[in-house]
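We name chains A, B, ... by the order of the sequence lines, and we start the count at 1 in each one. As the structure is a computational prediction, the values presented were derived from the model and not from experiment.
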Number of protein chains: 2
Amino acid sequence: MNTPEEPVHERITEAELAVMDVLWERPRRTAAEVCDEVCTARGWSLATVKTLLSRLVQKGALAAEPDGRRYLYSPLIERAAYVGGESRRLVDRLFGGSAASLVAHLAETEALTEDDLAEIEALLKELRP
Amino acid sequence: MNTPEEPVHERITEAELAVMDVLWERPRRTAAEVCDEVCTARGWSLATVKTLLSRLVQKGALAAEPDGRRYLYSPLIERAAYVGGESRRLVDRLFGGSAASLVAHLAETEALTEDDLAEIEALLKELRP
DNA sequence: CGGCAATGTTTACAGCCGTAGTCGTCAAGA
DNA sequence: TCTTGACGACTACGGCTGTAAACATTGCCG
């Protein structure tokens with residue numbers, strides 16, 4: 001079990017993630033609409049967003065559905081899948097593949113608030129009655 | 001609390017991490033000794049290790065202590081600090097800063113084995129009696 | 001109908017990353 | 001002492017990233 005399971009899409013970079021995030025929140029948006037969401041926050045120009053969109057399409061992470069002379073962009077991968085892959089990468093690289101070690105580390109370094117701990121506890125109760 | 005706390009050292013890359021790992025395991029080693037540990041595993045030449053060591057020194061992640069004609073390299077940052085920073089970055093980028101969300105995700109996607117869950121439960125019991 | 005505004009495509013370019021070769025030096029062995 | 005091997009420093013170089021300008025096209029407004 002636990003096949004390595006290489007993802008089909010190429011690696012999504014930090015800047016590209018910002019774009020993916022707005023499309024995960026609501027798909028089928030144009031370049032200009034995506035820019036409306038992120039350009040001011042990141043200090044980007046529309047050109048930058050266009051580049052990122054193109055690269056994401058090339059990487060197989062976005063679909064570009066023609067709509068007149070423009071495109072509506074939508075994610076081809078689910079956010080959960082991406083997040084899962086990244087989490088796994090981190091766990092593998094830094095915690096020898098043990099997710100429990102990650103949780104332990106978070107707990108030890110007090111990256112977990114009291115609320116976090118309570119929430120996790122609740123989760124556990126649900127997962128193993 | 002919870003100051004953003006920018007780390008002093010520059011970002012450590014994947015390849016560099018392999019080098020850091022052997023020096024975290026045992027500090028004060030020469031380039032050749034580091035190479036002995038990683039070159040075959042990663043298919044690197046000694047030259048590559050030398051480059052990575054230099055870059056890590058420049059980045060402030062390693063100290064190079066002169067020892068005759070060569071250097072003995074040692075980490076300037078603790079592994080726990082690095083690991084903590086990376087974990088935080090992931091949690092911030094992908095889980096809106098909520099570590100509990102990360103744990104929830106791991107649980108939902110079954111990235112956590114039964115053993116993991118048991119271990120985490122034990123941890124929790126210890127942390128909040 | 002003609003020019004403008006919007007939109008994707010192409011090109012750019014500096015900086016980082018992975019990977020390594022070359023050069024100059026110096027210590028130790030012959 | 002002369003040579004050779006070990007070392008760090010410098011150089012290289014293609015690919016990826018972040019950031020964007022220039023260009024081409026084309027629908028729309030006047």
Rounded to whole angstroms, how far apart are CZ on Arg55(A) and C1' on dC16(D)? 8 Å

Between the side-chain atoms of Thr51(B) and the base atoms of dA20(C), is any donor-acceptor pair under 3.5 Å? yes

When all nucleic acid strands are considered with a 4.0 Å heavy-atom cut-off, which category describes Ala64(A): base, sugar-phosphate, or nothing? nothing

Rounded to whole angstrom units, what separation is found between the CG atom of Leu46(A) and the P atom of dA20(D)? 11 Å

Against the side chain of Tyr71(B), the closest entry in dG18(D), dC7(D), dG8(D) is dG8(D)

Please compare Ala47(A) and Glu16(A) by the position of their nearest nucleotide in DNA chain D and report the one closer to 5'. Glu16(A)

Whole-Å gap separating P (dT11(C)) and NZ (Lys50(A)): 16 Å

Of the listed dG8(D), dA20(D), dC7(D), the closest approach to the Thr48(A) side chain comes from dA20(D)

Given atom CZ of Arg11(B) and atom P of dG15(C), what is their separation to the nearest angstrom? 20 Å

Once you round it to whole Å, what is the distance between C1' of dG8(C) and CG of Leu72(A)? 13 Å

I'd like to know whether Glu114(A) forms a side chain to side chain contact (heavy atoms under 4.5 Å, CB included) with Glu119(A), so could you lay out the CA-CA distance, the side-chain angles of the two residues, the decisive distance to 0.1 Å, and finally the verdict. CA-CA 9 Å; Glu114(A) 191 56 31; Glu119(A) 204 172 313; over 6 Å; no

Relative to the 5' end of DNA chain D, which residue comes earlier, Thr30(B) or Leu52(A), by the nucleotide with the nearest heavy atom? Thr30(B)

Audit row: Val57(A), Tyr71(A), side chain to side chain contact (heavy atoms under 4.5 Å, CB included) steps and yes/no: CA-CA 11 Å; Val57(A) 169; Tyr71(A) 288 127; over 6 Å; no

Rounded to the nearest 0.5 angstrom, the CG-CD distance for Asp116(A) and Glu121(A) is 12.5 Å

